[in-house]
Amino acid sequence: MLVHIKDLVQGAKKNGYAIGAFNIANFESVLAVAQAAVKAGSPAIIQVSESAIQYMGLKPITHIVSTVAKNVAANVPISLHLDHGSSFDTVFECISSGFTSVHIDASSLPLDENINLTKQVVKVAHARRVWVQGEVGAIVGSHEKNIKSKLKVIPLAKLDEIIQFVKQTRVDTIAAAIGTAHGIHANEDIVFSLLKVIKDKVKIPFVLHGGSGISDAKIRKAIKQGVNIINVGTDLKVAFCRALIGVCLKNKQETDPRNLLKPTIAAVEKAVLGKMKLFGSAGRVATIS
Ligand code: G3H
Ligand code: ZN
């Protein structure tokens, strides 16, 4: 069932686990996340990036996610979220389309401009009971590629800027650069000392971006330190592509696309299930009210 993201995050916060925010790329991955949520008895966030919107269209995505949530995952709570929205227009379209949470990512702008744009989004979103995620200190890396190479620099967000940003914008959740990166990179990490001071000073839920490529032990430690949402994109794309390439190579004469795509659903479902167990959200449906 489709629910407001607030219900999911409150359950996670109260009970000390994290909700996976899973980037979807197509119908198969929406189905995979929903099926994993049912199997695990886990709440889940389905999130869409601007590139997913360009690929599938905003209305189709909204309808597919709500229909799948209603029919495939009737008894588990699922929320729909915009990931890394770069403009007021994109965010506004998603709010109008029925999203209960939007991420305005103006983190590449100077802080005062980031604050101004985020404030405009918060005003419009809160008037419609929609949650807003803000971002400070741009999270680097690639959304589209699985690069195992080292990134030259992984800049960190500044604590005083995060505090000022949260106070002035009144965002509901906060993302900040704490050492992770988008994609899978040899030198990405979690700077736990920074996460600790952020959690001490900033009381709204913290969103960990770049969840792929971080060891299970570090993910567990981050959840213990109070992370409530973990974004996972690349690991799911890799699972999808590996499965598709494998089945295509073995079945070069296949003429029914469904026979090629079914293994991709199973592969993404397995990857999502693993994350739900790791994040501690499996078996937690009852904690959502
Ligand atoms: O916003 C999306 C995420 O931060 C995904 O990062 O591709 O490294 O898992 P990832
Ligand atoms: Zn991200």
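Just so it is clear, the structure is predicted and the values come from calculations on it, not from any experiment.
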For atom NZ of Lys203, decide whether the heavy atoms of other residues, nucleotides or ligands shown that lie under 6.0 angstrom number more than 12.
-> yes
With hydrophobic residues grouped by side-chain heavy-atom distances under 4.5 Å, do [X] and [Y] end up in a single group?
X: Phe99; Y: Val124; value: yes
X: Val207; Y: Leu156; value: no
X: Val68; Y: Leu273; value: no
X: Tyr17; Y: Val33; value: no
X: Val272; Y: Val30; value: yes

State whether the side chain of [X] and the backbone N or O of [Y] hold a donor-acceptor pair below 3.5 Å, judged by distance alone.
X: Asn251; Y: Glu254; value: no
X: Gln47; Y: Ala21; value: yes
X: Thr100; Y: His4; value: no
X: Thr67; Y: Ile64; value: no
X: Asp172; Y: Val132; value: yes
X: Ser96; Y: Phe92; value: yes
X: Asn187; Y: Leu151; value: yes
X: Thr169; Y: Ile115; value: no
X: Gln35; Y: Ala32; value: no
X: Ser49; Y: Asp83; value: no

dist Glu161:CD -> Asp112:CG (nearest 0.5 Å) comes out at 10.0 Å
In sequence, state the C-alpha distance, the side-chain angles, and the governing distance for Gln133 and His209, and then conclude on side chain to side chain donor-acceptor pair (under 3.5 Å).
-> CA-CA 12 Å; Gln133 180 184 140; His209 279 247; 2.8 Å; yes
Salt bridge present between Asp256 and Arg258 (N-O < 4.0 angstrom) | yes
Please give me the minimum heavy-atom distance between [X] and [Y], naming the atom from each residue.
X: Ile288; Y: Gly11; answer: CD1-CA, 4.2 Å
X: Ala18; Y: Val227; answer: CB-O, 3.7 Å
X: Glu135; Y: Asn114; answer: O-ND2, 2.8 Å
X: Val48; Y: Ala52; answer: CB-CB, 4.3 Å
X: Ala181; Y: Ile139; answer: CA-CG2, 4.2 Å
X: Ala44; Y: Met276; answer: CB-CE, 3.7 Å

Taking the six-membered ring of Phe192, is NZ or CZ of Lys221 closer than 6.0 Å to its centre and within 45° of its axis?
-> yes
Out of Lys13, Lys6, Lys14, which one pairs with Gln10 under the side-chain contact (heavy atoms from CB on, under 4.5 Å) rule?
-> Lys6
How are the rings of Phe279 and Phe22 set to each other: parallel, tilted or perpendicular (split at 30° and 60°)?
-> parallel
Should the ring pair His103 and His81 be called parallel, tilted or perpendicular, given that the plane angle runs from 0 to 90° and is split at 30 and 60?
-> parallel
Asp105 vs Ser107, side chain to side chain donor-acceptor pair (under 3.5 Å): CA-CA, chis, key distance, verdict = CA-CA 5 Å; Asp105 178 4; Ser107 60; 2.6 Å; yes
Taking the side chain as C-beta and beyond, is there a heavy-atom pair between Val166 and Ile204 under 4.5 Å?
-> yes
Indicate yes or no: at least one non-hydrogen side-chain atom of Leu82 is less than 4.5 angstrom from one of Thr90.
-> yes
Regarding Ser86 and Glu50, is there a side-chain donor-to-acceptor distance under 3.5 Å anywhere?
-> yes
